[in-house]
Colleague: 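Below: one structure in structure tokens.
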Amino acid sequence: RELRCNADQFLEELLLTPPSMKHTNDGKIGLVDPHGVAEEIIRTRTEVACEWKDIMMEVPSEHMMFRKALFDKQMENWAMPSDTNKHNVPIQTEGIFE
């Protein structure tokens, strides 16, 4: 059988697979329910998608905080007196041009 990488194709295969019986490690017989497995996968995917949606909704406000912090830092550097450098170390200017 051809290996399929697409998640939707995998779910389709599960839905087309009939239930089957399987011997468990403890010697009992169990039921393999492909429809139930597909249902659980879809439920989990939905939960993950909703969580991601909620997380992504916060991104603009988080970016705004970072942009504000960057802006504040740039303004702080811009407002520094001309006798200091970017590391806020005083620069000797007296007597240089005399």
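Side chains included, hydrogens not; waters and symmetry mates left out as well; all remaining heavy atoms used.
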Colleague: D54: which residues meet the salt bridge (charged side-chain N to carboxylate O under 4.0 Å, His left out) condition with it, sequence neighbours left out?
Modeller: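 Salt bridge (charged side-chain N to carboxylate O under 4.0 Å, His left out) check on D54 returns nothing, list empty.
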
Colleague: For D8, check salt bridge (charged side-chain N to carboxylate O under 4.0 Å, His left out) against everything at least two apart and list the hits.
Modeller: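 For D8, the residues satisfying salt bridge (charged side-chain N to carboxylate O under 4.0 Å, His left out) (neighbours in sequence not counted) are R45.
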
Colleague: Taking the hydrophobic residues Ile, Leu, Val, Met, Phe, Trp and Tyr, and joining any pair whose side-chain heavy atoms are under 4.5 Å apart, which ones share a cluster with L31?
Modeller: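 Under the 4.5 Å side-chain rule, L31 groups with M21, I29.
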
Colleague: Any chance you could measure L16, atom CG, to H35, atom NE2, to the nearest 0.5 Å?
Modeller: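 If we round to the nearest 0.5 Å, L16:CG and H35:NE2 are 7.5 Å apart.
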
Colleague: With ILVMFWY side chains joined below 4.5 Å, transitively, what does V48's cluster contain besides itself?
Modeller: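 V48 shares its hydrophobic cluster with W52, M56, V59.
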
Colleague: Does anything in residues 28-41 form a salt bridge (Lys or Arg N to Asp or Glu O under 4.0 Å)? List the pairs, not counting sequence neighbours.
Modeller: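 Passing the test, one end in residues 28-41: E39-R43, E40-R43.
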
Colleague: Side chain to side chain contact (heavy atoms under 4.5 Å, CB included) for I41 and L14? Distances and angles first, verdict last.
Modeller: CA-CA 10 Å; I41 290 171; L14 273 176; 3.9 Å; yes

Colleague: Between P34 and P19, which heavy-atom pair has the shortest distance, and what is it?
Modeller: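 Of all heavy-atom pairs spanning P34 and P19, the closest is CD-CA, 3.7 Å.
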
Colleague: Once rounded to the nearest 0.5 Å, what's the spacing between atom OG1 of T17 and atom CD of E12?
Modeller: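 The OG1 atom of T17 sits 10.0 Å away from the CD atom of E12.
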
Colleague: Does atom CG (N25) have a neighbourhood of more than 12 heavy atoms from anything else shown, all under 6.0 Å?
Modeller: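 Not more than 12 within 6.0 Å, no.
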
Colleague: Drop me the distance from F66's CZ to L70's CG, to the nearest 0.5 angstrom.
Modeller: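 Reported to 0.5 Å precision, the distance equals 11.0 Å.
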
Colleague: NZ/K73 to NZ/K68 distance, rounded to the nearest 0.5 angstrom?
Modeller: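 Here the rounded value is 13.5 Å.
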
Colleague: Quick one: name the residues clustered hydrophobically with M57, using the 4.5 Å side-chain heavy-atom rule over I, L, V, M, F, W, Y, and just say none if it's on its own.
Modeller: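 Under the 4.5 Å side-chain rule, M57 groups with nothing.
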
Colleague: Among the clusters formed by ILVMFWY side chains lying less than 4.5 Å apart, do F10 and L15 turn up in the same one?
Modeller: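 Shared cluster, no.
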
